[in-house]
Amino acid sequence: MTPARTQYRRPQHAPGSMADDSERHGPRVGDDMTVEVALAVMAGARVAYLTVCDEDDERTGLITQARLAVLRDGPAYTDRIRLRDVLRGPARPADARLGGTGPAEV
């Protein structure tokens, strides 16, 4: 009997999947993801932040686990809040920007 050979392939990610960002800014997620799901993704991936992308897979910002945890524990939280709603929140100071350029980190 001839032994079978296993061929290893890299996983194929569907568009808009949680593939790693080429700039190494954490997993990429859609801005339509809810806060609860985002926190679960962060816990599963063991990361402190996610790269948030719009429907065109363009990066719109970073979201941190700490920011989402504070939001979830706040009085105005509902399970319908999406990451795009969090990113559109109050203006952030200039020092919260990524190296002074690009989308603001939340």
(Q) I'd like to know whether R80 forms a side chain to side chain contact (heavy atoms under 4.5 Å, CB included) with T34, so could you lay out the CA-CA distance, the side-chain angles of the two residues, the decisive distance to 0.1 Å, and finally the verdict. (A) CA-CA 6 Å; R80 297 181 133 188; T34 64; over 6 Å; no

Q: Starting from the C-alpha separation in whole Å, work towards a yes-or-no answer on side chain to side chain contact (heavy atoms under 4.5 Å, CB included) for I63 and M42.
A: CA-CA 10 Å; I63 193 88; M42 286 184 203; 4.0 Å; yes

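Of all non-hydrogen atoms in P27 and V47, the two that sit nearest each other are CD-CG2, 3.8 Å. In terms of heavy atoms, L68 sits closest to A38 at CD1-CB, 3.8 Å. The two residues R28 and D57 have their closest heavy-atom pair at NH2-O, 2.8 Å.
Between L62 atom CG and R67 atom CZ the span is 14.0 Å, to the nearest 0.5 Å. Rounding to the nearest 0.5 angstrom, the gap separating the CG atom in L50 from the CD atom in Q65 is 8.5 Å. Considering CE of M33 and CG of L39, their distance stands at 10.5 Å, rounded to 0.5 Å. In this structure, OG1 in T78 is found 10.0 Å from CD in E36, a value given to the nearest 0.5 Å.
Residues R84 and T60 form no side-chain contact, since every pair of their non-hydrogen atoms from C-beta on lies 4.5 Å or further apart.
Looking only at distances, a side-chain donor or acceptor of D54 sits under 3.5 Å from a matching main-chain atom of D56.
Criterion: ILVMFWY side-chain heavy atoms under 4.5 Å apart, direct or through other members. Under it, L83 and Y77 are part of a common hydrophobic cluster.
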